[in-house]
Structures are given as structure tokens and as C-alpha cells.
Amino acid sequence: MVVSKLGSLLNHSLTVNQAKQIQALILVNGLYHLEPLIIRQVLISTPHFSQITTQYVRLILHHMQNPDVFSWSCTIRFLSQHNQFREAFSLYVQMQRLVSCPSSFAISSSLKACARIGYEMGGISIHAQVHKFGFCGVVYVQTALVDFYSKLGSTGIARKVFDEMVGKNVVSWNSMLSGYLRSGDLAMAHSVFDEMPKKDVVSWNSMISGYGREGNMEQACALFRLMPERNIASWNAMISGYVDCRKIELARSFFDAMPRRNTVSWITMISGYSKCGDVESAREVFDQMGEKDLLLYNAMIACYAQNSRSKEALQLFNKMLEPDVNIQPDKMTFASVISACSQLGDLRFVSWIDSYMNQLGIGMDDHLATALIDLYAKCGSIDKAYNLFRGLQKKDLVAYTAMILGCGINGRANDAIKLFEEMMDVQIYPNLVTFTGILTAYNHVGLVEEGYNCFISMQKHGLVPSADHYGIMVDLLGRAGRLDEAYQLIKSMPMQPHAGVWGALLLACSLHNNVELGEIAAKHCFELEPDTTGYRSLLASIYASVGRWDDAKSLRTDLQEKGFTKIPGCSWMEQS
DNA sequence: CTAGGGTTAG
């Protein structure tokens, strides 16, 4: 009976609810032997059905008596479409042992997976198999290869495959085009664009976003006006271009003008406001969107997390879990939430989040691991951070930076320096946050000369130190008693020093009982942050240390009259 | 049945 019910359900293209019913029926009744039929129908008819979990797909595959090439291929494609790229590739490898010859279907899906995770060796071995099994002339396979090499930045090889193709179609041309656009070769891209025998809306959109990425919005706009037909993606490409060059009002005007909007439009707008630090406008856009999906929540939570509004990030996370909303979070949600936790320096949520992630079957990937590294490092659990760091598939700039910053904050200068050198050895180049980490490390152990040389070396990396970097240097020099140098450094700053920079000098003056510079520093602090009482207390303690009790007393009385008694710590560290 | 463009995370 169950089988016949399943049969009738499987006759049609499935809705999400029907697919859910099928999933339940199969699981409850253990009907895995219905195998290829079901897996095909479920996976093909509902390719966007994300509620089917990876484990479920594996379960079916595992219970199949005799999975054929087609069942394997469907599964690989399914995983590849649901951002489970490593899993897709690993299934492709498993498939090799059990079937004599892969299908072009499986090959193109696996190539796509390799392209998305930048798995070069994987794609190249598939390319070798393409030759071995004689798929060289299949347009789908060739196009997937062009796309793979394009995405990896090997436009030369992509071009070689492309030139050997006999039956090029629009998709093949577009893949080649996007390769040149991705590598920033606008000239080649334009010549390919002109050469194309047929252009479709994708070709135009690619060109527009290519110019957008280069910051050439005039050209993008010209193409936008010229194109014969526009779809939502065309408008989105314009919005995204304006967002990238921080022209948020222009982005908004396109957003408002477009005839129809989709999730991408909303997300782009929210992330645009987020990048400009305009959290309120982002929230306004978020609230306007009627039916909110996972990605929209992710974008808004990320916005809060990136703009140091950790509490609101966690509140929104809780909101999406409420029964009336009930949206299941994914890896990206957790990455933002973990980041929010690390800003709060709060380990309380972490074990809960960890078990919740396990419960949902969310596996660890490099992004998530890096978020956790950041969290553990900032909370002082350096060893835990190190373990995660060692387990990373690929250590990139952000991972190294999180580790270096963590070691820096926790006074493990030698580790930080070692990591910094290791990073340079593998040709990963530091950014401003990396330098914050390494300078903090030098600061913690009081290595003044090394720190100073490092600060100077930023220029060699094409980086302009921010006020925060100056702040660390002032702190470093100041603590070492080199107050005049610290003061000179502040005066040499190309930008306006913020209160934290002066605060570092003030703190140093209080350590070394320097009234003269202390007063100067304090004056600036009072001006910049009149409500922060810590600066007054510091100055008072300087007065006290040289016996100017009256001055000290009048400052302290002043404080008590304002109702402040506590002395807050002063912080000049920017979150990464 | 497969391949190309626009969005989110550390």
C-alpha cells in the first residue's frame, strides 16, 4: 500500500511537501530497495529541494543493491547543486571503483564541484579521465572544462579547450567570456564579446558585472542601456556593481526602479548597506521583504556581526529559530553567529551551537573552522584554536590572520611571529588585520625595535597603516618609556588620531609619571570622548603620582559629581 | 538529465 502511494506520488513532478512525505515514508518504512527509481525521481524532479539532507541521499545510495551510473550521477549532481562540493567529488571517486565508466553527466557535475572549491588536482584528474574515456567531443563536458579552468584563473588552458571545440554554443562562449572577466582581462573579454556569433542575456549580464567589478560603472551602465532584453540578474548586476564601489544611493535607485526583484536583489542591497556600515537601512530593507528565506536571514545576521552588533545578530538568529518563522540555519548562518559570539568574547553559546550543528548534521568546513579559530583564539583557548588550524584543508589569509591575532592577544608572540613567517613562505600576503595581530604580539612582549620595523614594513606590502596600527605603536613605544617618540609618531599621523591613540599615550604617561605629555594627551581624549571617564582617572593618577593632590582631587570630585565611580578599561583594538 | 551570469559566511 505504501508502495502504491509512493508510486502515485512519483508520477508527477513533486512539490516540496510531497517530497517531504516521500522522504518520511521511505525512512519510516525502510523502503530503501525502491532505490534508483526514487532517487532519480526525487533528485531530478526537485533539484532545488534543499530539505533533502546529504545524509539522506547517502542513506539511499548506501541501501541501493546495485546503483547504476545514472543513480550515481544524479546524486553527484544533487550534492553539487547543494554546495556539498567535497562530498560530490568524493562520491565521484567512490563511483570509479564500482562502475566501469563514468557518465558525461557525472563528469560535468563533478567538474563544477571542483571549480567551486578551487580543487585543482581534482579537476585535472577528471580532465585526464575525459581523454581516457573518450568524452573529449561532448559539448557539456568541454564547456564544464572551460568553466573549470576559467574559474581557477587558468584562462590559457580554458582557451585551449575552447579552441578545440567544434560545436560551441552560447554557453561555451559565455564560459570563456566569464574566464576573461574573472581574470580582469577586460580587453580580451570585450573582443570575445564582439566575436560571439550569438549573445544572450547571460553574455550581456556577464559583461556588466565584469565592468562592475573593475569599478567601471560608466561602461557597465552603457551596456545596460544597450542590451536588447534585461532580466532580474541584469538589474542585480548593476546594483552589485554600485555596491562594490560604495555608491549605495545609486544602487538603491536601481533597486527601486527595477520592475521585479528576487532574493538576490534584496540580499545585495542588505550587504551593500552592511558594507557601508548603515545597519539601520539594511534592517529597513530586511523588514520590507515579505517572505524571508534563509539567505536573507544570513545576510542580515552577517550585517549585524560585521558591524559589531553582536547582540542583535544573536537576537535575529533566535528569531529565525522561533516556531512561527522556523528557518533551518546553515553553515553560513553559523559562521556569522560564531563570529558574533567571538566579539562578545562569550564561550557560553559555543557548546550549545556545537551540539545544535551536530544535530542538524552540519559538518565543519574551512570557513566554519576559521570562525571557530577566531572565537577560541579571542577567548584565550589558543590550543583549541591551534588544533582547528592544523586541521584546515587549505590555510588562507583569513585563517592565518585569525591565528596570528589570537596569538598576539594572548601574548604568544613567538607563535605569532612563526605563523607570520610561515604565511609569507607559502606566498600568502598579510592585510591590515594581520598586521594588527603581529604588532599586538610585539606589543605584548615589549619588543620595540621588532615592532617598529614591522610597522615600517607595512609600506612594502602596499598597506597604509590605520589609526589603530598607530595606536598599537604608540602603546608599544609608550610602555617602553619612549614617550617623546610616541608623541612624535602621533603628530606624524596622516589621519586624525582617535581617542584610543591619545589614550594609549595617556596610559603610558601614567605608567611613567609624565605630567607634561599626559596633560596634552588627556586634553585630546576629553575632547574626543567627553563621556569616557577612564581618561580622567588616568590623568588624576598622574597628578597624584607627582604630588599634585589638588588637581587629582578636583578631577576625582568631578567624576563623582557626574555619578561615575568605575574606571573602565580603554580599548583601541578594532575587531577583525 | 548535465554546462554559463546576479547573493550570503571566517
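Here is the naming used below: chain letters follow the sequence lines, and residue numbers restart at 1 for every chain.
Taking atom OH of A/Tyr400 as the reference point, atom C1' of B/dG10 lies 16 Å away to the nearest angstrom. B/dG5 atom P lies 9 Å from atom CZ of A/Arg116, rounded to whole Å. Remark: P of B/dG10 and CZ of A/Phe389 are 18 Å apart, rounded to the nearest angstrom. Distance A/Ile107 CD1 to B/dC1 P: 18 Å, rounded to the nearest Å. With rounding to whole Å, A/Met364 atom CE is found 12 Å from B/dG10 atom C1'. Rounded to an integer number of Å, the gap from A/Ile362 CD1 to B/dA9 C1' is 12 Å. Taking atom CD of residue A/Gln343 and atom C1' of nucleotide B/dG10, one finds them 11 Å apart after rounding to whole Å. For A/Asn431 and B/dG10, the CG to C1' distance is 12 Å, given to the nearest whole Å.
Phosphate contact (OP1/OP2 of B/dA9, side-chain N/O of A/Thr333, threshold under 4.0 Å): absent.
Residue contacts for A/Lys168: at a heavy-atom cut-off of 4.0 Å it reaches no nucleic acid atom on any strand shown. Within 4.0 Å of A/Lys151, counting heavy atoms only, lie sugar-phosphate atoms of the nucleic acid but no base atom. Within the 4.0 angstrom heavy-atom criterion, base atoms lie near A/Ser104.
Between A/Ile126 and A/Tyr92, the closest side-chain pair of non-hydrogen atoms falls below 4.5 Å.
Side chains of A/Asn236 and A/Asn262: a donor on one and an acceptor on the other come within 3.5 Å. In this model, no donor atom of one side chain and acceptor atom of the other lie less than 3.5 Å apart for A/Ser351 and A/Asp354. Side-chain atoms of A/Ser175 and A/Thr143 form no donor-acceptor pair, as typed in the model, at a separation below 3.5 Å.
Side-chain proximity of A/Val139 to the nucleotides B/dG5, B/dT7, B/dA3 is greatest for B/dA3. Minimum atom distance to the side chain of A/Ile267 is reached by B/dT8, of the listed B/dA3, B/dT8, B/dC1. For A/Ser108, taking side-chain heavy atoms from C-beta onward, the closest of the listed nucleotides B/dA3, B/dG10, B/dA9 is B/dA3. Listed nucleotides B/dG5, B/dT7, B/dT8 differ in distance to A/Val202; the shortest reach to its side chain belongs to B/dG5. Taking every side-chain heavy atom of A/Ser178 into account, B/dG5 is the closest of B/dG10, B/dG5, B/dT2. Among B/dT7, B/dG5, B/dA9, the nucleotide with an atom closest to any side-chain atom of A/Ala335 is B/dA9. When distances run from any side-chain atom of A/Met332 to the nucleotides B/dA9, B/dG6, B/dG10, the shortest one goes to B/dA9. Of the candidates B/dA3, B/dC1, B/dA9, B/dA3 carries the atom nearest the A/Thr143 side chain, counting heavy atoms from C-beta on. Taking every side-chain heavy atom of A/Arg182 into account, B/dG5 is the closest of B/dG5, B/dG6, B/dA3. Distance from the side chain of A/Ser336 is smallest to B/dA9 among B/dG5, B/dA9, B/dA3.
Contact of A/Ser206 with B/dG5 (side chain to base): no donor-acceptor pair of N or O atoms is detected under 3.5 Å. The base of B/dG10 sits within donor-acceptor range of the side chain of A/Asp396, with an N or O pair under 3.5 Å. With hydrogens and angles ignored, no donor-acceptor pair closer than 3.5 Å exists between the side chain of A/Asp200 and the base of B/dG5. Contact annotation: side chain of A/Asp330 to base of B/dA9, donor-acceptor pair absent below 3.5 Å.
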Dump the intermediate steps for ring pair (Phe, Tyr, Trp, His ring centres under 6.0 Å) on A/Phe255 and A/Trp235, then the final yes or no.
CA-CA 8 Å; A/Phe255 179 79; A/Trp235 291 87; over 10 Å; no
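Classification of the A/His131-A/His127 ring pair by plane angle, with boundaries at 30° and 60°, yields parallel. Between A/Trp352 and A/Phe317, the two ring planes are perpendicular [angle over 60°; tilted spans 30° to 60°].
The side-chain tip of A/Arg230 points at the ring of A/Phe224 from less than 6.0 angstrom away and within 45° of straight on.
Rounded to the nearest 0.5 angstrom, A/Gln328 CD and A/Leu360 CG are separated by 4.5 Å.
Interface residues of residues 293-307 of chain A facing DNA chain B, ordered by number: A/Leu295, A/Asn298, A/Ala302, A/Gln306; criterion, heavy-atom separation under 4.0 Å.
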